[in-house]
Amino acid sequence: MFGAGGGTSSYTEIEETDLIVLWGSNARNAHPIFFHHLLKGIDNGAKMFAVDPRRTSSAKFADVWLGLNLGSDVALANGIGREIIAAGLANKEFIAHSTQGFEAYKENVEPYTLEFTSQLTGLPEDAIRELAHDYATAESAQILWTLGITEHHNAVDNVLALCSLALLTGHIGRWGSGLVPLRGQNNVQGGGDMGSLPNKLPGFQNIDDDAARGKFEATWGVDLNPVPGKHLTLMFEAMERGEIKAAYVLGENPADSEADIQHARKLLSGLDLLVVQDIFMTRTAEMADVVLPASVAWAESDGTVTSSERRVQRVRAAVPPPGEARHDVDILFDLASRMGHDWGTPDPEQLWDELRSLSPMHLGMSWDRLEETGGLQWPCPALDHPGSPFLHGWLWADDLEGREPAPFIPVVHQGPKEELTEEFPLRLTTGRALDSYNTGVQSGGFSSPIRYGDALDMHETDAQRLGLNDGDMALVSSPRGSVEMRIRIDDSLVEGLTFTTFHFPDLVDTNVLTTDAWDKKSGTAEFKAASIRVEPLVAAEA
Amino acid sequence: MTSTEVAVTISVDGNDVAVPEGSTILDACTAAGVETPTICYGPNLTPVNACRVCVVELEGSRTLVPSCSRPVEEGMVVSTDSDRVNHSRKMVLEFLGSGVDLSEADELNEWSAKYGAQPDRYENPERMNEEIKIQDDLYVRDYDKCVLCYKCVSACGDDAQHTYAISMSGRGFGARIATEFDVTLPDSACVYCGNCVAVCPTNALQFKTEFDLRQVANWRPEDQTVTTTVCSYCGVGCNLELHTQDERIVKVTSPDDHSVTWGNLCIKGRFGWQYVHGDTDG
Amino acid sequence: MADLHFTDAIANDGERNAIDLALGENSALTIEGERIVRGGASRRRGLRHLLLPALHALQKESGWISPGGLNYLSEVLQVPPAESYGVASFYEMFRVDTEPGHDDDVVHVCIDPACRIDGADDLIASLEAEGKHVHRSPCLGQCERPPAVFIQGRKRPDVVPADDDAFVLPQAGDDSLRLLQRIGVVDPTSLDSYREHGGYEALTKALELGADGVLAAISDSGLSGRGGAAFPTGIKWTAVRDADGDQKHIVANCDESEPGTFKDRMVMEHDPFALIEAMTIAAVTTGATNGWIYIRGEYPQATGRLENAIMASRDAGLLGEDVAGSGKEFHLEVRRGAGAYICGEETALFNSLEGFRGEPRNKPPFPTTNGLFDQPTVINNPETLLNVLPIVLDGAAAYRSIGTERSPGTRLFCVSGRVGAPGLYEHAFGATLGEIIEAAGGASGEVQAVLLGGAAGSFVTSDSMDLPLTLEATREAGTTLGSGVVMVFNTDDDMADICQRIAEFFKNESCGQCVPCRVGAIRQHEMIVAIGHKPMPDEKRVLHEDMVQVMADASICGLGHTAASAIKSALALGLIGANQ
Ligand SMILES: Cc1cc2nc3c(=O)[nH]c(=O)nc-3n(C[C@H](O)[C@H](O)[C@H](O)COP(=O)(O)O)c2cc1C
Ligand code: SF4
Ligand code: SF4
Ligand code: SF4
Ligand code: FES
Ligand code: FES
């Protein structure tokens, strides 16, 4: 599937594209330097649409902001697809040559007329039509997304629906056109590339592919379990069933970061053994039986990370780790040796060369080349290969380079899992602030003049109805629990929608509120659409 | 130069140099091995050609021309070492020295010495006379040191950040870099990316970490190492140059020539390192 | 396009209404219901040129650029407030400080040479004694009637009290006048009157001749620019006609702020249709569809008459979608400056009109290809444009019948200072300085010095009375005609004071962009103040020479290039700093 393996396009390409569709992403805050490239695109004349329930700081740069209903992304994408087909703007040649499953897709989107899509999304028909027509007729166009698309219970459906639009118009596999998921964390991409996925070996090779697995088994001299493992959400379910009794957590803070954290904390504390390897004494670490202090990967050790444009770059140690902290690999090597495997002394370049020998898409990226070029984009299968600025060029090859045509995968609109009720009548969605990051353990280290702290942002009308003013304290409740929060009136929200960040768990346990509905296909939890109730708190403080 | 680019040949001090079409005279000078002083020029900034220290003599032109912004044309004949050129460079540096605190502008001082600037030739010259501005824990703005090169304005605006928290204001010698009505930086649109600080040639803008070390006479660039690594926050993958002194990070910059950042960072990459040393928000 | 962030200051109703009125329906954002907002970079770019009109509206309403008002207009136009402030603080007529009394009318009194030798100080003293809010202004373009006053009204129109006086052209009735023939004769508010006096015949003729015919006539006539730089007009127009561009512009540079200059004002006030007709000829000849008259903010009467004339011409089908039935389009607008000499420099004018700070651009590229809105642009002085009418009507040969080979035709001279009849005069190129002064009633007292060409020009003494005023002869004599200024000083006048003021003028008017001018201008002022009436020591002369050279060699624009030339000539002639 496109967009799952990695962004199809380089940052530089967006500077030269004609149409930018930023969908469910507040890149201005979450990916500021990528947004610089986007701004160059706008300066060079690109038109920009922002599709987001909130008029985010990114959306404020757009020619058109479309404030769709939370969770109606599939409906909008299907509606756009239907309009493109109905208006005769689909790229018929490309569809015939490079794709399969078009008829089923067409049939699936048929009900999503402009009128119906408008009902589902809350958007006016002409705006949907404008986006559809502009996207279909642009010379080059990119769709970009982040958590607004992927932190939903139907995340994979959302992505599939957007992929279909690229297939419908041929906005893929060419310079300037593409599908770009922006990665939330610095090495999400690299982690996936390296096989930190339940069903993958390094280089996106399937664990149940005997030939691929065979290579690894031969190199490592051990048999590997061919059954795909569990992703995070399934692990928690397995803990609940008592199937998982021990956990070794590296550089994660699930006790603060999981959706529905009260539940997550209960499960973690019920484990027989919890080992945490981290640079901080996180909430999770506090619950652990064993804590292994690690070094700060990007400043205290050598290695590589991979960015959202699939660029593998070197990280280098600038300062020594403090106190008893040790490099992650050193800890792992020692652990292996205690378990009876002598892996020797870790050497970053040697480890990297082993990876290159096993992962064809990394083969050409020697340590020296990474040093010289300032980073290479995979796939880079040979030492004389320049790396790949964009993916899926094969779709435009006469013979498709011997591959199967790309499949359309029809998906249907489901809407948020948690319905609004009389008891919980407001939508809550979450996101990031510019100066803070995830649960804030790292970004809390400096004193930011623009940090506001977590607040519940709401539309003026909603606040007035509840008798709340900017700055008042309120009790915010979801079916899972309640927290006290400060209220902030925010003009980026529409009525009925509330928003908060999740950077300051010590101040506000926001994830107490969010739901643990999750995407069966990707294992991502629903951070983006809870239902809540807000009640004024009588000012207690002096 | 790759083979697809058209080459333009010009003469620099009597030597022919070929540079790609669209290059500036400055590029050609650099290609010819001629060192040119610059102040308002930045490799990733649109030239504003305001400081005029980079001027050269161009045959056929009545006035001297700024090399940093003038595109090359086939057959141009340029002199970089004539009396007129040296005089203008000297006077620009002298003028700046007569009104601006250049005590931390090391590069400018080297050029001033080279061109023989005598800023003390003037009787009671009016100076910038600006109070130092410390309005938050990240930046120090000391406009007494400002040469009004516009670089910070370009970095905050058109050329990178598009935030436009600061602008040139006023006119003539009263021109100053300012927020609207000079409100404090935390009250302005500033997002603390530090991209203005990174381009300032005179230390009029500096990071608080550097300022604090300078206050206790412990800023020692000669003892600093610079290590290039990758930002640990979002997935964009910005390259960071960690400047370390006594095994502590004291400043973070980004390489000018890297296709991801072109020298720019966001607040997280620029300042989000303090936790490495166990510091927390005070 | 920017992260827009506003302080808490809020505009009051009056400010909002005033700004809305100035902006019409224009807004950089449209909110369509709850779910759609339209904006974007191209919309913002397209509306930025409304910033100056919006600031004018705010200033008029509140007497200053209030933070709330600035926030409001910045939001409507989606301009970052820091930039709006940077623009507002550039101009003399906008006040951005919170000093008390800013809610009054402001009385601008000229303190430049013609007025300072003729009562400016006394007038200021008496106005201040009356409690008026007085602003000491650079030349107000009324040097023929010193001391000049301009009243910037708060919540009421700006006025120039002297506009009520009866107007008489000194050369009225002289048949040989080419450029001034209608001045004082025609009713400047009536298109019919203009037509009765030959108006719009040149446009008809131009349409017959076609672009090539007009361009040939202009080129053959040898017409050169009257704004100061004397660039050949034919070359300029041809370059714009030949330039690629979807949209081209004609700009009349009516910023007239060179101290001693008032000719353009007189033309605009007394023959406004002529300017419009000439611009229209420029448009149909070069293919420009948009015209702009950028007029200095201190000229309320000229502004009103031009606006009226544009409306009348538009109503008569002489402007608009179909100019005089030619099928060609030409839209004309008036834009007011706000008090900045530098905005007369052509590229600074473009920036100002576009809603940016009036800072000159580096050249090349030139306006003919990258002018207003980065599009091909003809920019001319009104006097230059006025010459187009006789050239088109009578042909190049007739035009060249007077003047000299290299300076054909006539020239307007702004004669002021110590003469019997200060005012605007038209003379054939080649008349001597002595003849011109004589025609203006002769010098009163013994001539000590004459400032030729304005503050950017240079001084000559009575030794130069036989100098023929042509481009070539003045250049050879190391001086300039500039904008046609002839300002006469007699032996009673204190040249040290005059020179200090000229130095101060450049210090104040430098845009501040480039180092040679920004710092050079203030150092020169400090030096001239320190010298006063004393002799100038040698090392100071060397230093001044050093300053002159860097300013002339390395400044961005003409202001810096010439900021030291009047002082230099005064030193050379011993008008100041002499070793007695
Ligand atoms: C500081 C400065 C001020 C100027 N002011 C004016 C002015 O007020 N009016 C004008 O026509 N030209 C002025 N000029 C000259 C213009 O830049 C430009 O040369 C002129 O408008 C071109 O028109 P022309 O060719 O008809 O003279 C000024 C130039 C400088 C450097
Ligand atoms: S603060 Fe620094 S970068 Fe900004 S204008 Fe002044 S000297 Fe230049
Ligand atoms: S500097 Fe900012 S944009 Fe760049 S990787 Fe770090 S967090 Fe992301
Ligand atoms: S010469 Fe003076 S007025 Fe012209 S750009 Fe330079 S500073 Fe501005
Ligand atoms: S470096 Fe060229 S003008 Fe400043
Ligand atoms: S109006 Fe006073 S000098 Fe011109």
Side-chain angles (χ1 to χ4, degrees), chain B residues 39 47-53 55 57 62-66 69-71 84-85 87-96 98-99 121-126 147-148 150 153 156-157 161-175 178-183 187-191, chain C residues 1-7 9 67 70-71 74 79-92 96 98 340 342 357-359 362 364 506-523 526-527 530 539-540 543 546-547 549-556 561:
Chain B
I39 298 173
V48 293
N49 49 66
C51 78
R52 318 303 281 186
V53 80
V55 286
E57 200 164 344
R62 192 169 46 88
T63 56
L64 303 178
V65 303
S69 64
R70 185 67 178 263
R84 277 176 81 193
V85 169
H87 177 78
S88 277
R89 290 181 179 177
K90 164 193 147 128
M91 288 302 290
V92 163
L93 293 159
E94 180 172 309
F95 276 169
L96 289 176
S98 74
R121 281 207 279 173
Y122 305 86
E123 261 174 67
N124 300 321
E126 187 171 326
V147 293
L148 298 168
Y150 291 72
V153 176
C156 183
Q161 185 55 31
H162 288 72
T163 292
Y164 304 91
I166 47 174
S167 165
M168 194 63 78
S169 72
R171 195 166 77 195
F173 199 77
T179 59
E180 62 275 20
F181 300 98
D182 224 0
V183 298
D187 280 341
S188 77
C190 175
V191 293
Chain C
M1 203 183 35
D3 292 319
L4 290 180
H5 174 280
F6 299 99
T7 57
L70 184 104
N71 279 348
S74 299
V79 175
E83 283 208 350
S84 305
Y85 176 80
V87 171
S89 61
F90 190 82
Y91 296 100
E92 197 105 356
V96 293
T98 52
I342 189 58
R357 289 165 56 81
E359 293 169 353
N362 207 65
F506 286 107
K507 178 191 108 176
N508 292 346
E509 297 300 330
S510 162
C511 80
Q513 185 183 195
C514 64
V515 176
C517 171
R518 175 180 76 238
V519 187
I522 190 170
R523 296 291 170 259
E526 287 163 352
M527 180 184 268
E539 78 274 9
K540 292 283 180 224
L543 181 53
D546 284 352
M547 288 165 34
Q549 197 186 332
V550 65
M551 290 168 83
D553 269 352
S555 296
I556 292 180
H561 296 153

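Convention: sequence-line order gives letters A, B, ...; per-chain numbering from 1.
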With a 4.5 angstrom heavy-atom cut-off, is it the side chain or the backbone of [X] that approaches chain B, or both, or neither?
| X | value |
| --- | --- |
| C/Gln513 | both |
| C/Asp553 | both |
| C/Ala521 | neither |
| C/Phe506 | neither |
| C/Ile522 | side chain |
| C/Ala88 | neither |

Quick one: which of C/Gly512, C/Ala530, C/Cys517, C/Cys511 has the most heavy-atom pairs under 4.5 Å with chain B, could you say?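 So the answer, after comparing C/Gly512, C/Ala530, C/Cys517, C/Cys511, is C/Cys511.
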Quick check for you: among C/Pro364, C/Ser84, C/Ala552, which has the greatest number of heavy-atom pairs under 4.5 Å with chain B?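 Heavy-atom pair counts peak at C/Pro364.
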Side chain to side chain contact (heavy atoms under 4.5 Å, CB included) between B/Phe181 and C/Leu70: does it pass, once the steps are laid out? CA-CA 10 Å; B/Phe181 300 98; C/Leu70 184 104; 3.6 Å; yes
Quick check: do C/Val515 and B/Leu96 have side-chain heavy atoms less than 4.5 Å from each other?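 The answer is yes, as the side chains (C-beta and beyond) meet within the 4.5 Å cut-off.
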B/Glu123 side chain near C/Lys540 side chain, heavy-atom distance below 4.5 Å: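 In contact.
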Between C/His561 and B/Thr63, what is the shortest heavy-atom contact and its length?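 Looks like NE2-CG2, 3.7 Å.
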Of all heavy-atom pairs between C/Ala82 and B/Ser167, which one has the smallest distance, and what is that distance?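 For C/Ala82 and B/Ser167, the tightest heavy-atom pair comes out as O-CB, 3.3 Å.
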For the backbone of [Y] and the side chain of [X], can you confirm whether one donor and one acceptor N or O come within less than 3.5 Å of each other?
| X | Y | value |
| --- | --- | --- |
| C/Arg523 | B/Ser98 | yes |
| C/Arg518 | B/Gly174 | no |
| C/His5 | B/Cys190 | no |

Distance check, rounded to the nearest 0.5 Å: B/Arg52 atom CZ versus C/Met551 atom CE?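 One finds 13.0 Å between CZ of B/Arg52 and CE of C/Met551.
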So, taking the atom named CE in B/Met168 and the one named CZ in C/Arg357, what distance separates them when rounded to the nearest 0.5 Å?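 It is 6.5 Å, given to the nearest 0.5 Å.
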Have a look at B/Glu180 and tell me which of C/Ser89, C/Pro81, C/Pro80 forms a side-chain contact (heavy atoms from CB on, under 4.5 Å) with it.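 Of C/Ser89, C/Pro81, C/Pro80, side-chain contact (heavy atoms from CB on, under 4.5 Å) with B/Glu180 is met by C/Pro81 alone.
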Using a cut-off of under 4.5 Å for heavy-atom pairs, which of B/Cys51, B/Pro125, B/Ala165 has the most such pairs with chain C?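 It is B/Pro125.
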Among pairs that include at least one residue of residues 163-173 of chain B, which meet salt bridge (charged side-chain N to carboxylate O under 4.0 Å, His left out), considering only residues two or more places apart or in two chains?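 Non-adjacent pairs meeting salt bridge (charged side-chain N to carboxylate O under 4.0 Å, His left out): B/Arg171-C/Glu92, B/Arg171-C/Glu509.
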Can you name the residues that form a side chain to side chain donor-acceptor pair (under 3.5 Å) with B/Glu126, not counting sequence neighbours?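 Counting only residues at least two positions away or on another chain, B/Glu126 forms no side chain to side chain donor-acceptor pair (under 3.5 Å).
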